[in-house]
A.B. asks: 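Handing you a structure now.
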Amino acid sequence: MGSVTLKVLAQTLLKLKRSGLIMRQIIIRSPTGVEFCSTHLGFALAPTIRGLLRWAAVHVVEIEKAQARYDDAGRK
């Protein structure tokens, strides 16, 4: 995956907050900061995410081959 712009990161964090998966807290200090942490609902999603990561690790070669085929087809 490539890098993520600050705009896309902010949009994604707001969507996660809206869905109740994370909380946002303002940290009062100099300079003022923001901290995000997972909610109970977000923690409940963790086993599913770990399962997806295990699946991706097992199938990484197939995924990379599919991506290469897709990329090659786009150049023709």
Side-chain angles (χ1 to χ4, degrees):
M1 290 173 48
S3 61
V4 176
T5 65
L6 289 177
K7 179 181 177 183
V8 171
L9 176 60
Q11 290 171 342
T12 302
L13 289 170
L14 286 174
K15 288 177 185 177
L16 292 171
K17 182 179 175 219
R18 180 175 180 258
S19 298
L21 298 173
I22 63 171
M23 294 184 306
R24 179 180 181 260
Q25 293 181 312
I26 297 174
I27 307 300
I28 308 229
R29 63 173 188 250
S30 183
T32 302
V34 177
E35 180 178 277
F36 292 90
C37 60
S38 185
T39 63
H40 290 293
L41 185 61
F43 278 116
L45 188 57
T48 301
I49 293 171
R50 281 194 295 274
L52 179 59
L53 291 172
R54 281 192 300 274
W55 174 87
V58 168
H59 297 285
V60 67
V61 172
E62 295 167 80
I63 294 168
E64 289 171 345
K65 286 179 182 177
Q67 291 172 344
R69 282 193 304 271
Y70 179 89
D71 293 346
D72 288 345
R75 289 187 222 148
K76 295 178 183 178

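Each residue takes its place number in the sequence, starting with 1.
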A.B. asks: Between V34 and I27, is any pair of side-chain heavy atoms under 4.5 Å apart?
C.D. replies: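 They are not in side-chain contact.
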A.B. asks: Do V58 and L52 belong to the same hydrophobic cluster, where Ile, Leu, Val, Met, Phe, Trp and Tyr are linked whenever their side-chain heavy atoms lie under 4.5 Å apart, directly or via other members?
C.D. replies: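 Different clusters: V58 never reaches L52 through Ile, Leu, Val, Met, Phe, Trp or Tyr contacts under 4.5 Å.
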A.B. asks: Going by heavy atoms in the side chains, are K65 and V61 under 4.5 Å from each other?
C.D. replies: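 In short, these two side chains touch, coming nearer than 4.5 Å.
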A.B. asks: Mind listing the closest non-hydrogen atom pair of I22 and T39 along with its distance?
C.D. replies: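 For I22 versus T39, the nearest heavy atoms are C-CG2, 3.6 Å.
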A.B. asks: At what distance, to the nearest 0.5 angstrom, does NZ of K17 lie from CZ of F36?
C.D. replies: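 K17 atom NZ to F36 atom CZ measures 7.5 Å (nearest 0.5 Å).
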A.B. asks: Mind checking the CZ-SG spacing from R24 to C37? Nearest 0.5 Å is all I need.
C.D. replies: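 So the gap between those two atoms works out to 12.0 Å.
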A.B. asks: Is any side-chain heavy atom of L9 closer than 4.5 Å to one of T5?
C.D. replies: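 In short, these two side chains do not touch, never coming nearer than 4.5 Å.
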A.B. asks: Do W55 and I63 have side-chain heavy atoms sitting under 4.5 Å apart?
C.D. replies: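 Yes; the side chains approach each other to less than 4.5 Å.
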A.B. asks: Inspect the surroundings of CG in L6 and state if more than 12 heavy atoms from other residues, nucleotides or ligands are less than 6.0 Å away.
C.D. replies: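 Counting neighbours around CG of L6, 12 or fewer heavy atoms of other residues, nucleotides or ligands fall under 6.0 Å, so no.
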A.B. asks: Ignoring hydrogens and geometry, is there a side-chain-to-backbone donor-acceptor pair from T32 to I28 under 3.5 Å?
C.D. replies: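 The answer is no, because no donor-acceptor pair under 3.5 Å joins these two groups.
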A.B. asks: If you round to the nearest 0.5 Å, how far is NE2 of H40 from CE of M23?
C.D. replies: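 Interatomic distance, M23 CE to H40 NE2, rounded to 0.5 Å: 8.0 Å.
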A.B. asks: Quick check for you: to the nearest 0.5 Å, what is the distance between L14 atom CG and L16 atom CG?
C.D. replies: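 Here the rounded value is 9.0 Å.
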